[in-house]
Every structure is written in structure tokens, then in C-alpha cells.
Chemist: 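Have a look at this one before I ask anything.
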Amino acid sequence: MSDLLANLNPEQLQAVTLPPQHALVLAGAGSGKTRVLTTRIAWLVQTGQVDPQGVLAVTFTNKAAKELLARLSAMLPLSFNRSARGMWIGTFHGLCNRLLRAHHRDAGLPQLFQILDSGDQLAAIKRLLKALNVDDEKFPPRELQHFINGQKEAGLRPHAVEAWDDYTRRRVELYIEYESQCQRESVVDFAELLLRTYELLERNEPIRKHYQQRFRHILVDEFQDTNRLQYRWLKLLADAGRDSAANLFCVGDDDQSIYRFRGADVGNMRDFEREFHVANVIRLEQNYRSHGNILDAANAIIGHNAGRLGKNLWTERGAGEPIRVFEACGDLDEARWIVDEIQSLVRDGMSRSAIALLYRSNAQSRVLEHQLFSSGISYRVYGGLRFFERQEIKHALAYLRLIANPDDDTAFSRVVNFPTRGIGARSIEALQDAARTWNSSLYAAVPHLAGKPGTVLAQFVRLVEDLRRDTAKLPLPELVDHVLDASGLRNHFRNEKEGQERLENLDELINAAANFVAEAGVQADAQDMAHALLADFLAHASLEAGEHQADAGSDAVQLMTVHSSKGLEFDAVFLSGLEEGLFPHENSILETEGLEEERRLMYVAVTRARQRLYLSFAQSRMLHGQTRYNLRSRFLEEIPEELTKWLSPPNPRTSAVRSGFGGYYQPSRGGAAKAAEPPVSRSRDLGGLRVGQLVTHAKFGQGVIVAAEGSGSDARLQINFGAAGVKWLMLAVAKLDPA
DNA sequence: TAAGGTTCTGTTTTT
DNA sequence: CAGAACCTTA
């Protein structure tokens with residue numbers, strides 16, 4: 001026990017040993033958040049305050065859930081580990097899946113319901129729109145997907161949605177259609193997993209009571225990332241408002257809330273504090289990761305946000321090195337400089353894997369990769385396709401899904417003609433008509449079809465039937481293996497030019513199935529359960545898309561977006577592309593909310609660094625095939641000067657205008673902004689000025705010349721004045737001075 | 001039906 | 001610029 005609590009700082013100790021009550025722990029970056037969470041659970045169990053069965057721990061990612069479990073087992077004596085199985089540790093979606101499988105009848109679902117990932121959901125929506133002859137120009141599938149998920153996350157079924165205009169009314173109708181399609185096909189999307197479970201618990205008192213009494217301690221990780229529905233879900237489970245309420249222990253950091261764009265609501269933290277009467281909010285502010293200068297910069301940056309819960313990171317380590325800032329002429333120069341610095345770091349003995357290269361958007365990785373590659377530095381990029389999202393894997397999974405549930409039209413459509421078997425758009429259309437007439441799935445509609453399409457389709461149905469029959473008694477890995485052959489997938493990729501890697505991935509799917517069986521701890525030889533186990537495996541594939549593709553192992557520089565860097569730390573961090581319009585991103589810059597989220601993102605980026613932080617930006621950058629001239633990011637200005645050291649001479653030219661915010665340059669296609677003009681046109685007389693140059697205007701202040709038209713007395717210049725906006729000015733009229 | 005050409009459109013991302 | 005989505009042709 002004393003071991004368990006040793007080396008905790010006073011605040012951590014306070015949080016870990018809090019008497020049973022609701023608690024909110026504001027855990028700053030690098031303050032030992034996971035440690036507090038795991039130690040809290042271990043302490044509760046070891047002191048006998050709760051049975052393992054009484055513990056529910058919720059995380060956002062599978063990775064976090066795994067880490068929690070791993071660290072917990074390391075803390076608890078072996079005797080506890082056996083009973084640790086009684087704990088429920090998982091993601092919101094994973095736990096909901098578990099609840100819905102257990103109570104599928106009460107939830108109105110067949111036992112073998114399938115889960116749609118976002119790609120599947122989008123495909124389902126497209127199919128729906130087509131079937132209903134809806135103009136997808138007017139109702140873009142992505143937008144509709146967003147709408148439906150948004151309503152579900154607000155806990156609203158179609159009848160509860162308030163629709164004041166025709167457009168929304170139509171979208172609600174489509175929401176209704178979408179729901180019935182899902183129900184008909186026995187599929188459930190991510191938001192539905194949560195909403196269904198919420199409704200189940202809300203309506204079914206015995207089930208609700210059962211879980212409310214079972215879970216005495218509910219612990220939530222990354223609480224700032226919860227959406228409204230997830231919060232309500234927690235409230236319901238914790239039986240809020242009653243004396244018998246379970247204890248909710250929420251850990252999070254409002255300053256690291258960076259998923260607003262997908263529904264996360266930081267407001268949950270405030271609401272939680274109020275609605276659960278949280279007596280004392282515990283702040284973990286001692287940072288064990290970074291040197292002082294880095295923390296001071298982070299604190300200064302985040303200090304520009306309003307309405308924070310309030311928190312200031314500090315460290316016992318010294319100030320450390322200054323933050324290095326570099327201004328490059330172009331994105332290529334920036335990349336070159338970064339690679340040079342990396343080389344010298346490595347020469348000085350830093351391992352490549354301790355170095356991270358962060359950027360705001362994925363498009364920025366290309367130049368960096370190119371430069372690293374030509375310098376022979378090994379690197380790995382996060383954020384590629386994930387295993388279960390690969391095309392060949394999706395196809396294989398679709399066959400497996402048809403075995404578990406032939407009414408899954410998404411799966412049916414995906415593989416009915418893959419590998420090609422002469423079933424084209426025409427046949428599918430006829431089949432869809434039939435399905436509508438008989439109000440059935442595509443699969444069930446096949447027998448109603450006559451003629452040639454009927455024959456080929458009947459063959460496909462026979463194939464699926466054979467698969468079902470032949471696999472009914474097979475252990476899962478063999479089942480998968482059989483399907484790969486019998487479906488013709490293997491053969492198809494064998495004949496494809498670049499099919500080798502795909503074949504290997506298909507084999508990897510068999511391994512994944514074997515691993516799943518091993519980890520799930522089920523008897524692979526539970527013969528009659530073959531298809532039930534298959535459904536579990538498919539749910540696993542949807543809920544956990546696998547590692548982001550990146551070659552693990554070797555000592556390589558880490559490249560990723562700032563978003564994916566959350567939770568990680570590195571000795572040296574390069575943050576590139578610190579330019580207005582890029583970071584903060586132009587789409588987020590207009591409203592305060594968006595801008596503040598960008599700032600939190602900046603805060604996350606800065607706090608990834610242990611010893612050394614490099615910030616860089618470029619005067620010009622290739623984006624979407626156009627050269628853009630940006631001002632440097634306002635976030636740079638938010639760092640106190642004394643913390644930084646400029647590796648390039650400080651240049652007022654690119655300085656973001658300090659007098660105000662909101663200005664940025666937004667290129668518009670086909671509009672007046674012609675940013676693609678070559679930077680310098682020698683034949684053109686611009687009165688000694690050139691594109692990319694910084695000028696001062698009496699009224700608008702400082703700006704960058706973004707484009708030019710005409711020459712001599714006709715010359716017009718487009719200038720980005722930052723806060724004052726982007727203007728076209730006549731050179732002869734405007735009073736411009738080189739800055 | 002499938003290959004090959006053209007147009008379009010560009011954050012962030014987990015489940 | 002580059003990938004996806006769309007459209008035309010053999």
C-alpha cells in the first residue's frame with residue numbers, strides 16, 4: 001500500500017485517496033494524469049472500498065484503455081489480477097457495444113447486429129439518397145451524416161428535432177429513412193451505439209438499477225472530450241441526484257480540449273462541477289515533463305483564452321534552453337532547416353525517435369518527408385490508413401459480415417461485384433427496386449428477380465449461403481482463411497500487379513482473428529459459437545480500426561499532426577508552419593470559439609516538448625498548388641520575447657499585426673484573389689515593390705503584397721493587411737511604403 | 001464493365 | 001499538387 005502511494009505529490013495524493021465523492025481533477029499536461037487514475041483504482045480496490053466488479057473506467061481511445069489496464073495490472077498484486085477481469089475498462093463505444101450485446105432484445109436489436117464505422121455510414125447514406133432519388137447536390141451525404149450524428153449526440157430522435165425550415169424538415173425525413181434502413185439491415189453507427197444504450201438504460205428500470213447498483217466508482221479519462229450524450233450517459237449510470245449515486249471521478253484538462261469540431265463539449269466540465277456539487281476541484285499543476293521556458297510559453301499562450309477553469313503549470317526543473325524560432329523564406333527552406341537541425345541533434349547523441357515534427361494539417365508533411373527522405377533520415381508518419389480501413393480488408397470484412405448477417409446491404413453492395421462477376425449497375429438498380437417493392441434487404445430480394453440479372457445474383461447468394469454453411473463449425477482464423485479463398489479475393493489479388501502487399505494484409509487478417517480469439521479468452525473451439533464469435537470479431541474491427549500505419553521499430557523521427565500528438569512527449573519538438581491561415585487555421589479564425597480551440601491546439605503542441613522546442617514559419621508556402629504569402633502566426637506573438645531566441649534575424653515583415661485580430665488572407669477560387677501570380681514579374685513595374693513584400697499603408701497598417709495586376713500607373717496590388725483584411729489597391733493612388 | 005480521362009476540391013479525427 | 005469522384009469511351 002505504502003508502495004502504491006509513494007512518490008505522489010500532495011495534489012496527486014489528495015486525488016488518489018479522496019473519500020467516496022464526486023471529483024473533478026484538472027490535470028495539466030504532463031502532470032501525471034494516468035498515474036492518478038490508475039493509482040486511484042488500485043487504491044480503491046486494495047483498501048477494500050470497492051470490488052473490482054464495482055469499477056467502471058471509461059476512456060476515449062482503445063489505446064488509452066489498454067494502457068490503463070496494463071498499468072493497473074502492474075500495480076495490483078497477482079491475486080487481484082484475476083479478479084481485475086471483473087472491472088469494466090473500455091471506451092464509451094466499446095462499453096456500449098458490450099451492454100447492447102448483453103441486452104440486445106431489450107434494446108430492439110438482433111444479437112448479431114453489425115457496427116458501421118464512419119466510412120460505412122457514409123456509404124449507407126449515399127445508398128439511401130440514391131434509393132430515394134434525392135439530389136445529393138442539395139443534400140450532400142457528408143453534411144447529412146454530420147446532421148444525423150449531431151442530432152443523435154444531442155439525444156434527439158427525428159420526432160424530437162425542431163425543424164423550422166423546409167431544408168431541415170427534409171433532412172429530418174431523411175434521418176427517419178436512415179433509421180429505418182439501419183434497423184432493416186441490423187446495423188448500428190457509432191452515435192447510435194451511445195444513444196441506443198442511453199435509451200435502454202433510461203427506459204428499462206431493472207437494467208438501469210442493476211448497473212447503477214453494480215458500478216460504485218465510475219472513472220472518466222479525458223473528460224474534456226466528452227460530448228453531450230456521453231455526459232448524460234454518465235449521469236444516468238451514476239444515478240445523479242440521489243444519495244445512492246455512484247462516485248464519478250473525472251479527469252481532464254479544459255485547456256487540451258481540441259475536439260470541439262466533432263462534438264466534444266468542454267462545457268461538460270462546468271456542468272459536472274455544478275450538477276454533481278463537486279466540493280473541491282483538484283488541480284494537478286506540477287509538470288514533470290518540460291523545462292520552465294517551455295511551460296512559461298505554454299502558460300502565456302493559453303492565458304489568452306477566456307473562460308478557462310484556470311490552471312498554471314510549473315516545474316521544479318530549471319528554465320532550460322530558450323525556445324528557438326526560425327523564419328524561412330519558403331516551405332522548402334523551412335524543411336531544409338529542420339532537417340539540418342535534426343542532423344545536428346542526432347550528431348549530439350539524441351535518438352531520432354525522441355524527435356517529433358508536428359504540423360497543423362497533414363498536407364504539410366509532404367515537404368518535410370521529402371527533405372528527410374533525401375537526407376537519408378529514417379522517419380515515420382502517423383495518420384495514414386489504418387489496418388481495418390484498408391480496401392482489401394474492408395472487402396474481406398464485408399464477406400464476413402454477410403455470413404453473420406446477410407441483410408447488411410452495405411456489405412452486400414461492397415462485394416456483390418468484387419471480385420467482378422458480371423453484376424453491373426443495371427442489375428443492382430433492378431435489385432434495389434425489388435428490395436423496395438418487397439421492403440426487404442438486397443439479399444432477400446434476389447429470389448424475386450427474374451432474367452439474367454436474377455441468375456448471376458442468385459449465384460452470388462449461393463456463394464454466401466455456401467460460405468455460411470461451410471464456416472459454421474470452423475474456428476475463427478480458419479473461418480477467415482476459408483472465406484478469403486472461397487470468395488475469390490485471394491485469387492483476385494494474386495492476379496493483380498501490385499496485389500502482393502494486399503495479399504499479405506489479407507493473411508494478416510487471419511492473424512488478427514487469431515489474436516482476437518486469444519485475447520478475448522474465449523474457447524476457439526466453441527464450435528457452435530463460430531458465428532457469434534465472428535460477430536464479436538467484426539464489432540472489434542469496427543470499434544478498433546487498428547494502429548495508424550507507420551513502420552514501428554526502428555529509431556525514426558516522428559511526424560504527426562498536433563492532434564495526434566496529444567498525450568505524447570518528446571525531447572525535441574519542431575512545430576512548423578506557424579502562419580496565419582495555417583495555424584491558426586483559416587477556417588477557425590473567424591469566430592472566437594474556433595480561434596480558442598486553435599490556441600488550445602497550440603498549447604498542446606508546445607507542451608509536448610521536454611527539453612527543446614523549435615518554432616518555425618515560412619514567408620511563402622505552396623498550398624493546393626498555389627504559392628501563398630502568409631503573416632506569421634499570432635501565437636508566436638503571444639510568447640514572451642525573453643523566452644525565445646531567434647535563429648533568423650527578427651523580421652518585422654512577416655509580423656502579424658499586433659493591433660487587432662481576425663485578419664487573414666483567404667484565397668478564393670476564381671474570385672479576385674490571384675495568389676498564384678508568380679512572386680516576381682520582372683517586366684512589370686510595381687514601383688519597386690514585389691509580391692511577398694511587406695508594406696505600410698497609412699490607414700490599414702502593415703500588410704503583405706499577395707498579388708499584382710497591371711503595370712506602371714495601372715498596377716493594382718492585392719495586399720493582406722491582417723486585421724484590416726485583404727484589399728486591392730491602385731499602386732498610383734495608395735500611399736504605400738516599404739516596411 | 002473497366003479503363004482512362006477529366007474535373008473538383010481541398011482542417012483537425014476516434015469510435 | 002494530388003487524390004477522389006465523376007464521366008466518357010472501347
Side-chain angles (χ1 to χ4, degrees), chain A residues 58-65 90-97 115-122 126 136-137 140-142 146 149 152-153 188-195 197 222 225-227 229-230 257-264 331 358-367 370 382-386 388-389 391 417-428 456 539-548 560-567 577 581-589 594 597-598 600-602 604-605 621-628 666-670 676:
Chain A
V58 198
T59 63
F60 262 83
T61 64
N62 293 295
K63 200 173 143 200
T91 62
F92 277 102
H93 294 85
L95 296 167
C96 287
N97 177 49
I115 299 168
L116 302 182
D117 67 23
S118 9
D120 297 332
Q121 186 189 27
L122 187 62
K126 283 182 181 164
D136 59 3
E137 300 264 282
R142 280 188 180 285
H146 187 76
N149 291 340
K152 288 189 182 183
E153 278 164 19
V188 165
D189 61 47
F190 286 140
E192 184 71 25
L193 277 174
L194 280 156
L195 184 52
T197 312
E222 304 278 15
D225 286 338
T226 49
N227 65 33
L229 184 56
Q230 285 161 338
S257 158
I258 55 174
Y259 289 109
R260 191 181 75 103
F261 68 92
R262 67 174 202 227
D331 45 356
L358 309 183
Y359 33 80
R360 172 67 238 265
S361 61
N362 284 307
Q364 289 166 252
S365 77
R366 182 184 304 271
V367 219
H370 180 81
Y382 287 80
L385 259 196
R386 301 160 56 159
F388 286 112
E389 288 167 356
Q391 197 208 111
N417 196 36
F418 191 96
T420 51
R421 36 178 83 86
I423 301 172
R426 225 178 41 256
S427 313
I428 295 302
V456 256
H540 164 81
S542 296
L543 289 172
E544 183 168 3
E547 279 288 300
H548 270 299
M560 66 191 82
T561 61
V562 179
H563 278 95
S564 31
S565 77
K566 195 170 96 167
L582 247 187
F583 197 3
H585 195 275
E586 59 196 18
N587 296 353
S588 310
I589 233 160
E597 176 138 318
E598 295 286 313
R600 292 192 291 268
L601 208 43
M602 178 74 186
V604 167
R621 179 177 299 275
M622 217 26 183
L623 199 66
H624 307 328
Q626 291 189 326
T627 305
R628 296 176 37 152
Q666 186 167 32
S668 64
R669 207 172 293 273

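Lettering of chains follows the sequences in order, A, B, ..., and the numbering in each one begins at 1. This one's a predicted model, so the numbers in the text were calculated from it and none came from an experiment.
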Chemist: Which residues pass the side chain to side chain contact (heavy atoms under 4.5 Å, CB included) test with A:P419, sequence neighbours left out?
Modeler: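 So A:P419 forms a side chain to side chain contact (heavy atoms under 4.5 Å, CB included) with A:Y399, A:R421, A:L489, A:H492.
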
Chemist: For A:N227, what residues pass the side chain to side chain contact (heavy atoms under 4.5 Å, CB included) criterion, not counting sequence neighbours?
Modeler: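 For A:N227 the side chain to side chain contact (heavy atoms under 4.5 Å, CB included) partners, ignoring immediate neighbours, are A:E153, A:L229, A:Q230.
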
Chemist: State whether the aromatic ring of A:F261 stacks on the base of B:dT12, taking stacking to mean ring centres under 5.5 Å apart and ring planes under 30° to each other.
Modeler: yes

Chemist: On DNA chain B, does the nearest nucleotide to A:G94 precede the nearest nucleotide to A:S588 from the 5' side, or the other way round? Give the residue.
Modeler: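 Here A:S588 is the residue nearer the 5' end.
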
Chemist: Angle class for the A:H563/A:Y259 ring planes (parallel below 30°, perpendicular above 60°, tilted otherwise)?
Modeler: tilted

Chemist: Would you mind reading off the distance between A:R262 atom CZ and B:dT12 atom C1', rounded to a whole angstrom?
Modeler: 9 Å

Chemist: Tell me, please, which residues at least two apart from A:S588 pass side chain to side chain contact (heavy atoms under 4.5 Å, CB included).
Modeler: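 Only A:H585, A:E598 meet the side chain to side chain contact (heavy atoms under 4.5 Å, CB included) criterion with A:S588.
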
Chemist: Could you tell me how far apart A:Q364 (CD) and B:dG10 (C1') are, to the nearest whole angstrom?
Modeler: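 Between C1' of B:dG10 and CD of A:Q364: 13 Å.
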
Chemist: Rounded to whole angstrom units, what separation is found between the CG atom of A:L582 and the P atom of B:dG10?
Modeler: 16 Å

Chemist: Are any side-chain N or O atoms of A:R600 and backbone N or O atoms of A:S257, one a donor and one an acceptor, separated by less than 3.5 Å?
Modeler: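 Yes; judged by distance alone, with no hydrogens or angles, the pair exists.
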
Chemist: Please report the distance, rounded to the nearest Å, between CG in A:L601 and P in B:dT11.
Modeler: 15 Å

Chemist: Counting only N and O atoms by type, is there a donor-acceptor contact under 3.5 Å from the side chain of A:T59 to the main-chain atoms of A:A64?
Modeler: no

Chemist: Among all residues two or more places apart in sequence or in another chain, which pass the side chain to side chain donor-acceptor pair (under 3.5 Å) test with A:D117?
Modeler: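 Partners of A:D117 under the side chain to side chain donor-acceptor pair (under 3.5 Å) test: A:K394.
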
Chemist: Quantified in whole Å, what is the C1' atom distance between nucleotide B:dT11 and nucleotide C:dC6?
Modeler: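 Result for the C1' pair: 24 Å, nearest Å.
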
Chemist: Over how many whole Å does the gap from A:L116 atom CG to B:dT14 atom P extend?
Modeler: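 Taking CG of A:L116 and P of B:dT14, I get 19 Å after rounding.
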
Chemist: Can you name the residues that form a side chain to side chain donor-acceptor pair (under 3.5 Å) with A:T561, not counting sequence neighbours?
Modeler: A:S564

Chemist: For A:T61, give me all partners under side chain to side chain donor-acceptor pair (under 3.5 Å), at least two apart in sequence or on another chain.
Modeler: none

Chemist: Given B:dT13, is OP1 or OP2 found less than 4.0 Å from the side-chain N or O atoms of A:S564?
Modeler: yes

Chemist: What's touching nucleotides 2-6 of chain C from the protein side, N or O pairs under 3.5 Å?
Modeler:
residue, atom, partner, partner atom, Å
C:dA2, O5', A:R366, NH1, 3.3

Chemist: Ring centres within less than 5.5 Å and planes less than 30° apart: is that true of A:H563 and B:dT12 in this structure?
Modeler: no

Chemist: With sugar-phosphate meaning primed atoms plus P, OP1 and OP2, does A:E153 contact a base, only sugar-phosphate, or nothing at under 4.0 Å between heavy atoms?
Modeler: nothing

Chemist: Counting heavy atoms from C-beta on, name the nucleotide in B:dT15, B:dG10, B:dT13 closest to the side chain of A:Y259.
Modeler: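 Between B:dT15, B:dG10, B:dT13, the one nearest the side chain of A:Y259 would be B:dT13.
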
Chemist: Is the base of B:dT15 touched by the side chain of A:S118 through a donor-acceptor pair closer than 3.5 angstrom?
Modeler: yes

Chemist: Counting heavy atoms from C-beta on, name the nucleotide in B:dT12, B:dT15, B:dG10 closest to the side chain of A:R360.
Modeler: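 Given the options B:dT12, B:dT15, B:dG10, the side chain of A:R360 is closest to B:dT12.
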
Chemist: Expressed in whole Å, how much space separates the C1' atoms belonging to B:dT14 and C:dG3?
Modeler: 23 Å

Chemist: Below 3.5 Å is the cut-off: list the nitrogen or oxygen pairs between protein and nucleotides 2-7 of chain B, distance only.
Modeler:
residue, atom, partner, partner atom, Å
B:dA2, OP1, A:T420, OG1, 3.1

Chemist: Rounded to the Å, how far apart are A:I258 CD1 and B:dT11 P?
Modeler: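 From A:I258 CD1 to B:dT11 P: 17 Å.
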
Chemist: Quick one: is A:N362 getting a side-chain N or O under 4.0 Å of the B:dT12 phosphate, OP1 or OP2?
Modeler: yes

Chemist: Measure the distance from CD on A:E192 to C1' on B:dT15 and round it to the nearest whole Å.
Modeler: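 Taking atom C1' of B:dT15 as the reference, CD of A:E192 is at 14 Å.
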
Chemist: Can you sort out the partners of A:Q121 under side chain to side chain donor-acceptor pair (under 3.5 Å), two or more places apart, ordered by chain and number?
Modeler: A:Q145, A:N149, A:Y178, A:D189

Chemist: Expressed in angstrom and rounded to an integer, what is the separation of A:D189 atom CG from B:dT14 atom C1'?
Modeler: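 To the nearest whole Å, that distance equals 14 Å.
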
Chemist: At under 4.0 Å, does any side-chain N or O of A:N62 touch on OP1 or OP2 of B:dT14?
Modeler: no

